[in-house]
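In what follows, a structure is listed as structure tokens, so that the remarks can point back to it.
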Amino acid sequence: MDTGSREENAPNAQPVAPRKVQSVLFICAMNAVRSPMAEALAKHFFGKSVYVQSAGARKGEPDGFALAVLEEIGIDLSRHKPKSVEELEEWEGLNFDLIISLSPEAHHKALELTRTVAADVEYWPTVDPTVFQGSREQKLEAYREVRDSLVRRIKDRLQS
């Protein structure tokens, strides 16, 4: 009876490390907050070794709070123009090793793309900070939490 490969059954088997990512696409609902933040952060930390883009399941509008919390750490998001996955595909194609979805709608879109694009997909559920109510400072704090969470995940995932 075959119970799997010898590697799977070996007592000291090590999990296979994910292959080195050369290109990554971050997708969120509207390419206005989470995915552009992730794109800017990944470019900041890994832009010399990894090609990075972002897009939305739909196209939104630029977000001033996202711009502000990245500016706090020295990253300029002011030139980001939100774009849909379809616009990105039309402009440059979708040749990515890895697609990271940050919202349920984006994850659905990413899985849809894998019917025609050979890419790994990872779902990183990320809070939408635009839903937080309160003072300007409370809203900024919600955006900072998203930023800091993305920094940790991006560094963990893209370091070689």
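Values reported hereafter were calculated over all heavy atoms of this structure, with side chains retained and with hydrogens, waters and symmetry mates removed. Starting from 1, each residue takes its place in the sequence as its number.
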*asked:* Quick check against the 3.5 Å criterion: does Asp97 have a side-chain atom that pairs as donor or acceptor with the backbone of Ser23?
replied: yes
*Any donor-acceptor pair under 3.5 Å linking the side chain of Glu145 with the backbone of Ala142?*
no
*asked:* Would you compute the distance between atom CG of Leu70 and atom CZ of Arg144 and round it to the nearest 0.5 angstrom?
replied: 11.5 Å
*asked:* Within the structure provided, determine whether Phe45 and Lys155 are in side-chain contact (heavy-atom separation under 4.5 Å).
replied: yes
*Contact summary for Leu140 and Ala68, nearest pair of heavy atoms*: CD2-CB, 4.1 Å
_ILVMFWY network linking Val85 to Tyr123, side-chain heavy atoms under 4.5 angstrom_ = no
*Going by atom types alone, do Asp63 and Tyr143 pair a side-chain donor with an acceptor below 3.5 Å?*
yes
*Return the minimal non-hydrogen interatomic distance between Phe26 and Ser35, and the atom names on each side.*
O-CB, 3.5 Å
*Compare every heavy atom of Thr114 with every heavy atom of Ala119, then report the nearest pair and how far apart it is.*
O-CG2, 3.7 Å
*Say whether Leu77 and Leu88 are linked into one hydrophobic cluster, either directly or through other cluster members, by side-chain heavy-atom distances under 4.5 angstrom.*
no
*Any link between Val21 and Val52 through a network of hydrophobic side chains (Ile, Leu, Val, Met, Phe, Trp, Tyr) touching at under 4.5 Å?*
yes
*Calculate, to the nearest 0.5 Å, the distance between atoms CD and CG belonging to Gln53 and Asn95 respectively.*
11.5 Å
_Hydrophobic cluster partners of Trp91 (side-chain heavy atoms under 4.5 Å)_ = none
*Backbone N or O of Ala32 within a donor-acceptor pair of the His80 side chain at under 3.5 Å?*
no
*Indicate yes or no for a side-chain donor-acceptor contact from Ser78 to the backbone of Asp76 under 3.5 Å, with no hydrogens or angles considered.*
no
_Crowding at CD, Glu90 (>12 non-hydrogen neighbours, <6.0 Å)_ = no
*Should Lys59 and Glu87 be marked as a side chain to side chain contact (heavy atoms under 4.5 Å, CB included) after you check the CA-CA gap, both sets of side-chain angles, and the distance that decides it?*
CA-CA 9 Å; Lys59 182 178 174 178; Glu87 287 173 320; 3.4 Å; yes
_Would Lys20 and Val50 count as a side chain to side chain contact (heavy atoms under 4.5 Å, CB included) here? Give the steps._
CA-CA 9 Å; Lys20 171 98 173 86; Val50 179; 4.1 Å; yes
*Do Phe65 and Val146 share a hydrophobic cluster, counting only Ile, Leu, Val, Met, Phe, Trp and Tyr and linking them when any side-chain heavy atoms are less than 4.5 Å apart?*
yes
_All side-chain contact (heavy atoms from CB on, under 4.5 Å) counterparts of Ala29, not counting sequence neighbours_ = Arg34, Arg58, Ser103, Glu105
_Point-to-point distance, once rounded to the nearest 0.5 Å, from CZ of Phe46 to CG of Leu158_ = 5.5 Å
*How close do Leu94 and Val117 get, heavy atom to heavy atom, and via which atoms?*
O-CG1, 3.3 Å
*Donor-acceptor pair, Asn31 side chain versus Lys83 backbone, under 3.5 Å?*
yes
*Where is the tightest heavy-atom contact between Pro36 and Cys28, given as atom of each residue plus distance?*
CD-SG, 4.4 Å
*asked:* Using a strict threshold of under 4.0 Å (side-chain N to carboxylate O), is an ion pair present between Glu122 and Arg157?
replied: yes
_Interatomic spacing from CE in Met37 to CD1 in Ile75 - rounded to 0.5 Å_ = 9.0 Å
*Trp124 side, atom CH2; Leu102 side, atom CG - distance, nearest 0.5 Å*: 7.5 Å
*asked:* side chain to side chain contact (heavy atoms under 4.5 Å, CB included) for Ile100 and Leu98? Distances and angles first, verdict last.
replied: CA-CA 6 Å; Ile100 297 175; Leu98 177 61; 3.7 Å; yes
*Is a side-chain donor or acceptor of Gln138 paired with a backbone partner of Ser135 at a separation under 3.5 angstrom?*
yes
*Do the side chains of Leu111 and Phe96 join up, straight or via other hydrophobic residues, at under 4.5 Å, putting them in one cluster?*
yes
_Taking the basic N atoms (NZ, or NE/NH1/NH2) and the acidic carboxylate oxygens, is any pair closer than 4.0 Å for Lys81 and Glu61?_
no
*Could you state the interatomic distance from CZ (Arg153) to OG1 (Thr126), rounded to the nearest 0.5 Å?*
6.5 Å
*Contact summary for Ile99 and Ala110, nearest pair of heavy atoms*: CG2-CB, 3.7 Å
